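Below is one structure, written out as structure tokens; the observations come after it.
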Amino acid sequence: MRYWLMKSEPDEASIDHALAAPDRTLPWTGVRNYQARNFMRDDMRIGDGVLFYHSSCAEPGIAGIAEVASGCYPDPTQFDPASPYHDPKSTREQPRWLLVDVRALQKTRLIPLPELRSHPALAGMQMLRRGNRLSITTVSADEWEFIVGRLAQGA
DNA sequence: GCCAACGTTGGC
DNA sequence: GCCAACGTTGGC
């Protein structure tokens with residue numbers, strides 16, 4: 001069992017959107033970075049824990065807990081010329097981009113980015129590293145325990 | 001809107 | 001393969 005942090009812009013897909021979706025599950029469309037794709041392809045397993053992070057918004061931070069709900073499969077938006085995620089270099093025979101389904105488990109209180117940075121226990125978090133832009137990053141078991149078991153209380 | 005940091009592209 | 005130019009991310 002591994003743990004992940006996945007960024008989403010709440011205007012597009014917030015924790016509330018996920019909780020309101022059928023089976024509380026959203027296809028995680030739009031990943032267009034090879035390292036993030038490879039995490040989904042090579043390392044994610046169904047049932048892995050996910051910290052649902054809101055980015056590019058007024059208050060960025062962790063907004064909920066989720067889980068990986070499917071194996072990876074081609075992201076259909078890459079084939080859609082009308083989609084902002086369209087990739088003309090991708091074909092159905094050889095798709096470049098993959099996604100997994102993510103099932104929301106619970107909304108937490110919003111745990112803001114500055115609060116995450118303030119905890120020495122989280123100093124090594126991949127997403128807190130300087131200049132990090134990856135939309136999917138790894139979370140250690142200790143970091144998961146600290147965030148889910150401590151910071152997320154009082155939701 | 002600014003800008004630091006990083007990834008990708010493409011000419012050579 | 002190098003690397004400059006360009007595009008994107010994302011916090012502030």
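The structure presented is a predicted model; accordingly, all values stated were derived computationally and were not measured.
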Q: Could you tell me the separation between the OH atom of A:Tyr53 and the P atom of C:dG10, rounded to a whole number of Å?
A: 9 Å

Q) When hydrophobic residues are tied together by side-chain contacts of less than 4.5 Å, even through go-betweens, does A:Leu26 share a cluster with A:Leu98? A) no

Q: Give the intermediate values and the outcome of side chain to side chain contact (heavy atoms under 4.5 Å, CB included) for residues A:Glu143 and A:Leu51.
A: CA-CA 11 Å; A:Glu143 291 158 356; A:Leu51 299 173; over 6 Å; no

(Q) Using whole Å, what does the distance between atom P of nucleotide C:dG10 and atom CD of A:Glu59 come to? (A) 17 Å

Q | Nearest-angstrom distance from the residue atom CG of A:Asn33 to C1' of C:dG10 | A | 14 Å

Q. Closer than 4.0 Å, any side-chain N/O of A:Lys7 to the OP1 or OP2 of C:dG11?
A. no

Q: Provide, to the nearest angstrom, the distance between the CD atom belonging to A:Glu12 and the C1' atom belonging to C:dT8.
A: 14 Å

Q) Is the shortest side-chain N/O distance from A:Tyr34 to OP1 or OP2 of B:dC6 below 4.0 Å? A) no

Q: Go through residues 121-134 of chain A and report each residue with a non-hydrogen atom lying under 4.0 Å from DNA chain B, sorted by number.
A: A:Arg130, A:Gly131, A:Arg133

Q: Measure from CG on A:Asn38 to C1' on B:dG7 and round the result to the nearest Å.
A: 14 Å

Q: Round to the nearest Å and state the distance from A:Asp11 atom CG to C:dT9 atom C1'.
A: 15 Å

(Q) Check A:Asp87 with A:Arg32, please: is the shortest side-chain N to carboxylate O separation under 4.0 Å? (A) no

Q) Looking just at side-chain N and O atoms, do A:Tyr73 and A:Asp101 make a donor-acceptor pair shorter than 3.5 Å? A) yes

Q.
Is it true that A:Arg133 and A:Ser55 share a donor-acceptor pair across their side chains at a distance under 3.5 Å?
A. no

Q | For atom CG of A:Asp87 and atom P of C:dT8, their distance in whole Å | A | 13 Å

Q | Note: A:Asp75-A:Arg37 ion pair, threshold 4.0 Å (strictly below) | A | no

